[in-house]
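Input: a single structure, listed below in structure tokens.
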Amino acid sequence: MDENINIDEASCEMIKKAAEEGVEIVFDRAAKMKPCPIGAVGQCCKNCMMGPCRLAGKDAEEKHGVCGASLGVIAARNLMRMIAAGTSCHGDHGRDMAFTLLAAAKGEAPGYEVKDVKKLHKVAGWLDIKTEGREKNEIGIDVANACINMFSQQTGELAYIKKAPKKRQELWRKLGIAQRGIDREVVELMNRTNIGMDQDIDNLVMQGFRCALANGWGGSMISSDIQDILFGTPTPIRGKVNLGVLKEDYVNIVVHGHEPTLSEMIAVVSMDPEIIKYAESKGAKGVNLSGICCTANEVLMRHGIPSAGNFLQQELAVLTGAVEAMIVDVQCIMSSLPKVAECYHSKIITTNRKAKITGATYMEFDEHNAVESAKEIIKMAIDNYPNRGKVNIPHIKTQDMVVGFTDETITYMLGGTYRGSYRPLNDAIISGRIRGVVGIVGCNNPKVATDDVHVALAKELIKNDVLIVVTGCSGITNAKAGLLVPEAKDLAGPGLREICETVGIPPVLHAGSCVDNSRILIACTHMVEEGGLGDDISDLPVVGVAPGWMSEKAISIGHYTIASGLLTIFGVAFPVTGSKEMSDMVFNKYADLVGGKFAFEEDPIKIAELCLKHIDEKRKLLGIDKAQERVLYDMEKRRELEA
Ligand code: NFS
């Protein structure tokens, strides 16, 4: 295994420990794995059993599958199926949230309630639900039902479309890709990619966009909105990150996964005096809660609960020997966890009937009986404390961070509480102090220098006055590198630094989990509506990047950012590069269709160059490139400016 695979010292310490103790982890498996070179570039079709067909070799472009499918069609179908899978993940997440809201509003889920009434009213407004003179639970029931109906809706278009800029909505309608119902778009895309179905690439990708829109302006948006309603809209809060957040004398519980329904309740119950007493009775000082992956982001930005790490650190947390229980729900949970846990005392507790793992302990979490379910799970963790062996928490200091910059926060931080607006952000972009905005999102992948791609990219961009928004595992990764604190402004270019100093924000803003990428779409809409930066998202000097992606969710997210008009750059590998026709489609033709397109680049510095090039082109088109010559102002010049 390449010892330089991870730039984070705490992880390196645990990777070394794994090697010494003979525990196989993701980095070992990645080093041993020889990824299928045909599948990696989209040249393999296993959609029926006349194959699987492999269209490799120099003449791959001329070859056909047994059914007659061309290489382009095969690559397109594979990619489209990834969109459907990714959309289904975020969709099911949103659906679960909607059902929890319904139960909470009906009083059938004790422990949950409509917490953020302001957000409830806001969402109700978007869904044309009357709020005046109505009690919060009445509105909550209507909002929940409206969201649930968005999954089964068959015709028309999703209400959330109205949240996009007018011009974008019109384009979607004109192209016939305005999403109808979330489930419908997933089902139709799965159907169209079957043997003998849609074999026209142009036609196929349109359904791909429609399905992806049902994620970004659908399932993901529902998830974020309802999570805010139930658990509060995040506001900036300090937190700590990395494996060192685990505490030696405490019962360490790590929540891992995606849906905050479980983790929120674990957070509340772990502070219960009765629980703390119980932990003390077993010889611990108390219960220490931390998170992994997107669940970490959720509880971090609402409660400041520390993050033990990103996707690639889940096994490493167990390797410390300090984790009594890792409680998981859905998505991004490695199958290997129970195996790694066998070497220590840790219990891996699965809680969701949709995501069980052989070898783990299954304890169903029932939101109708959440407090009791959470108590039972936590007690199991506490009972495990006396079974601990040697503990080895990395001694590297944890890193501070400030998180929770939602689109709402940006309004108030830059515009003030009473006159919240995006004007100051737009003005900063127009004046050139902020050259543009880049969203760095998504996973980390053991195939590439895992943390490095995210961090090197962010550093290069802030140096060039680009404001960064991070979500998901990229958020955690950049936090570990110390970029999510206001002091990181010193790494920024003069314009961005000035903004950071004035407002007191870090140059890299944490906007939440992966479903919160939908918040970035809303922020883009606000920028358009505020004026001065064009009349569509595609006019903005904004780029999306997933430099270390691995999940199908990322492909779905990439497609909805593109369908929303943004250039979206992926690192690692791109699964259609084996087909010239499909490569031309995603890297060129997409832009003609919807304004956004993919670019593929592995090197973070080159990704930064692509971002800057795109941003500068957009600035030129907006006519804001001239006055913005990057001049370093000395004090005298500043005084002149202020005069
Ligand atoms: Ni996003 Fe969150 Fe992380 Fe990737 Fe997985 S946790 S939903 S998929 S690995 S960023």
Side-chain angles (χ1 to χ4, degrees), residues 6 8 11 26-27 30 82-83 85-94 96-97 212 215-216 219-224 227 241 254-260 262-263 290-301 307-317 326 328-337 352 354-355 403 439-448 450-451 453-455 457-458 469-480 510-520 544-561 568 570-572:
N6 206 300
D8 149 41
S11 294
V26 60
F27 300 101
M82 292 178 90
I83 300 177
T87 302
S88 73
C89 269
H90 290 147
D92 238 13
H93 177 161
D96 283 350
M97 286 303 132
N215 179 359
S220 283
M221 214 167 259
I222 290 174
S223 304
S224 294
Q227 283 164 194
V241 65
V254 181
V255 284
H256 170 21
H258 282 78
E259 296 178 359
L262 165 73
S263 48
S290 60
I292 292 264
C293 280
C294 282
T295 273
N297 285 315
E298 300 285 0
V299 287
L300 167 67
M301 63 178 181
S307 163
N310 56 33
F311 173 69
L312 287 174
Q313 288 178 289
Q314 54 187 288
E315 294 172 321
L316 306 182
M326 186 173 277
V328 306
D329 55 15
V330 290
Q331 299 176 26
C332 299
I333 323 283
M334 285 190 193
S335 299
S336 58
L337 280 176
N352 191 301
K354 285 180 242 173
V403 299
I440 308 181
V441 308
C443 334
N444 38 25
N445 188 323
K447 273 166 110 172
V448 293
T450 59
D451 286 4
V453 285
H454 292 271
V455 178
L457 172 62
V469 181
V470 284
T471 58
C473 288
S474 185
I476 300 170
T477 305
N478 279 302
K480 284 194 295 173
H510 176 283
S513 63
C514 272
V515 289
D516 293 325
N517 285 326
S518 60
R519 296 188 197 270
I520 301 177
V545 189
W549 75 283
M550 60 86 194
S551 161
E552 288 164 320
K553 287 177 278 177
I555 289 289
S556 179
I557 294 168
H559 274 86
Y560 74 63
T561 25
T568 305
F570 269 44
V572 187

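Computed from a predicted structure; not experimentally measured. Start at 1 and go down the list; that is how both ligands and their atoms are numbered. Numbering of residues begins at 1 and proceeds along the displayed sequence.
- For N478 and H510, the side-chain atoms include no donor-acceptor pair closer than 3.5 Å.
- Each of the atoms 9 (S) of ligand 1 lies under 4.0 Å from some heavy atom of M550.
- Using modelled atom types and a 3.5 Å distance limit, the side chains of S263 and E298 yield no donor-acceptor pair.
- For the residue pair D516 / T471, no side-chain donor-acceptor distance below 3.5 Å is found, with atom types taken as modelled.
- For atom 2 (Fe) of ligand 1, the count of nearby protein N, O or S atoms, meaning those under 2.8 Å away, is 2.
- Side-chain atoms of T477 come within 3.5 Å of backbone atoms of C473 as a donor-acceptor pair (strictly under, hydrogens ignored).
- Between T87 and the choices I557, I555, D92, N215, the side-chain contact (heavy atoms from CB on, under 4.5 Å) rule is met once, by N215.
- For the side-chain hydrogen bond (donor to acceptor under 3.5 Å, both in side chains) with H93, the lone residue among E259, Q227, K553 that qualifies is Q227.
- Residue contact check: G442 has heavy atoms under 4.0 Å from atoms 10 (S) of ligand 1.
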(request) List the steps, then state whether side chain to side chain contact (heavy atoms under 4.5 Å, CB included) holds for F311 with V26. (result) CA-CA 10 Å; F311 173 69; V26 60; 5.7 Å; no
